[in-house]
Amino acid sequence: MAIKAAAFDVFGTLVNIERPTRPFRKLVRLLHEAGRPRQRDDGIRAMSSAIDLRQTASLFGGMISDADLNALEDELRVEIQSITLFADATPTLLALRQRGIKVALCSNLAAPYGPPVLDLLPFQPDFCAWSYEAGAVKPQAEIYQYLCDGIACQADEVLMIGDTIEADMIGPRRFGMHGYHLDRHAATADSAESVRSLSDVLTLMAARH
């Protein structure tokens with residue numbers, strides 16, 4: 001079946017954080033230092049709800065000073081302002097749109113990161129499967145179903161690409177999509193499983209049509 005849509009992971013795939021401050025990770029560490037045990041699902045809970053940094057602190061117990069929260073929010077602003085597009089992102093997205101291919105995003109991220117990413121793109125995607133709106137994270141099947149429903153495509157009509165093997169290749173393939181791992185640092189790429197550049201998506205598309 002022909003590919004009708006291309007879905008992209010965001011961080012490490014379409015965009016890069018030039019000045020990472022990792023405020024959500026620091027929040028968990030500060031709460032741990034205040035006596036709250038780390039939970040295995042902390043990351044999932046933070047990324048599967050449409051909540052900001054301060055609301056995440058409340059969700060996790062809120063044992064953190066207002067001064068620390070203000071500092072973390074400042075760091076979050078610094079991190080968001082440092083987000084940049086990879087050089088191959090815009091030409092690839094524009095080429096797909098020109099060919100009539102639907103373009104979607106499918107990403108695990110906390111709610112504050114979604115809108116700033118959209119501001120950098122050359123056009124608004126046909127659909128965004130943000131984990132915080134889907135209520136699920138990759139590689140859970142629910143987020144891939146949310147993606148397919150949002151772009152009105154069957155799983156085997158969707159090509160998914162991203163920089164995390166489990167979330168962007170194995171999980172999508174298990175669900176029935178065409179998943180590929182983006183490895184920008186690989187000496188060579190296995191065209192059956194991985195690519196080295198977003199522009200390789202166009203080659204994959206041509207092979208599937």
Side-chain angles (χ1 to χ4, degrees), residues 4-17 20-25 27-28 39-60 72-73 76-77 79-81 83-86 89 93 96-97 101-164 166-180 182 198:
K4 295 182 179 178
F8 295 88
D9 172 54
V10 173
F11 290 97
T13 301
L14 291 177
V15 303
N16 184 47
I17 296 177
T21 59
R22 299 179 177 86
F24 281 85
R25 190 177 300 177
L27 170 64
V28 172
Q39 305 295 321
R40 291 183 63 184
D41 65 345
D42 280 344
I44 292 175
R45 292 174 70 198
M47 292 187 293
S48 58
S49 300
I51 53 179
D52 60 22
L53 189 66
R54 197 167 288 264
Q55 290 167 326
T56 302
S58 296
L59 178 68
F60 287 177
L72 289 175
E73 287 177 332
L76 176 61
R77 280 189 286 272
E79 186 167 86
I80 285 174
Q81 288 169 1
I83 298 172
T84 59
L85 280 173
F86 282 108
L93 295 176
L96 290 170
R97 174 58 61 91
I101 301 295
K102 293 180 180 180
V103 173
L105 307 182
C106 184
S107 187
N108 292 346
L109 75 174
Y113 294 91
V117 168
L118 294 180
D119 289 341
L120 294 175
L121 299 182
F123 56 81
Q124 293 299 293
D126 294 286
F127 186 70
C128 295
W130 302 129
S131 58
Y132 60 85
E133 292 181 343
V137 298
K138 299 180 296 184
Q140 296 173 339
E142 290 83 357
I143 193 169
Y144 304 128
Q145 187 64 61
Y146 182 74
L147 166 66
C148 290
D149 290 345
I151 52 177
C153 287
Q154 299 298 313
D156 60 359
E157 296 173 326
V158 182
L159 187 149
M160 173 80 202
I161 187 165
D163 67 322
T164 305
E166 183 66 32
D168 302 315
M169 185 185 78
I170 296 175
R173 290 189 179 193
R174 189 183 300 126
F175 187 73
M177 297 192 293
H178 305 278
Y180 289 88
L182 173 65
L198 290 178

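Separating the CZ atom in Phe8 from the CG atom in Leu96 is a distance of 5.0 Å, to the nearest 0.5 Å. Interatomic distance, CG of Leu85 versus CG of Asp119, reported as 10.5 Å (0.5 Å rounding). The structure places CH2 of Trp130 at 10.5 Å from OH of Tyr146, a figure rounded to the nearest 0.5 Å. Here the CG-CZ distance, from Leu53 to Arg77, works out to 10.0 Å after rounding to the nearest 0.5 Å. How far CG of Leu105 is from CG of Leu14: 6.0 Å, rounded to the nearest 0.5 Å. The structure places CZ of Arg54 at 10.5 Å from CG of Leu27, a figure rounded to the nearest 0.5 Å.
For the pair Glu157 (side chain) and Lys4 (backbone), a donor-acceptor distance under 3.5 Å is absent. Side chain of Lys138 to backbone of Cys106: a donor-acceptor contact under 3.5 angstrom is found. Looking only at distances, no side-chain donor or acceptor of Ser48 sits under 3.5 Å from a matching main-chain atom of Ser131. Between the side chain of Asp163 and the backbone N or O of Thr13 there is no donor-acceptor pair closer than 3.5 Å. Formation of a donor-acceptor pair under 3.5 Å by the His178 side chain with backbone atoms of Val158 is not found in this model.
At a threshold of 4.0 Å, the pair Arg97-Asp126 counts as salt-bridged, since one of the basic side-chain nitrogens sits closer than that to a carboxylate oxygen.
Minimum heavy-atom separation, Ala111 to Ser49: CB-O, 4.4 Å. The shortest non-hydrogen separation linking Pro172 to Ala167 is CD-O, 3.3 Å. For Ala104 against Pro125, the heavy-atom pair with the smallest separation is CA-CB, 4.4 Å. Between Asp9 and Gly162, the shortest heavy-atom contact is CB-CA, 3.6 Å. Contact record, Pro23 with Glu79: CD-OE1, 3.5 Å, taken as the closest heavy-atom pair. The shortest heavy-atom contact between Met169 and Gly179 is CG-O, 3.3 Å.
Inter-residue side-chain proximity for Leu198 and Leu93 is flagged as unmet; no heavy-atom pair is nearer than 4.5 Å. Residues Leu147 and Cys153 have side chains not in contact (no heavy-atom distance under 4.5 Å, counting atoms from C-beta outward). Residues Tyr113 and Leu76 have side chains in contact (heavy-atom distance under 4.5 Å, counting atoms from C-beta outward). No side-chain heavy atom of Ile51 sits under 4.5 Å from any side-chain heavy atom of Tyr132.
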> Is there a side-chain contact (heavy atoms from CB on, under 4.5 Å) between Asp168 and Leu182 once you walk through the steps?
Replying inline: CA-CA 9 Å; Asp168 302 315; Leu182 173 65; over 6 Å; no

> Does the pair Phe123 and Val103 meet the rule for a side-chain contact (heavy atoms from CB on, under 4.5 Å), with working shown?
Replying inline: CA-CA 10 Å; Phe123 56 81; Val103 173; 4.0 Å; yes

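Test Thr56, Asp42, Leu72 against Phe24 for side chain to side chain contact (heavy atoms under 4.5 Å, CB included) and you get one pass: Thr56.
Shown here are the ring-ring contact (aromatic ring centres under 6.0 Å, His included) partners of Phe60, two or more places apart in sequence or in another chain: there are none. Tyr144 is linked by a ring-ring contact (aromatic ring centres under 6.0 Å, His included) to Phe175, counting only residues two or more places apart in sequence or in another chain.
More than 12 heavy atoms of other residues, nucleotides or ligands shown are found within 6.0 angstrom of CZ on Arg45.
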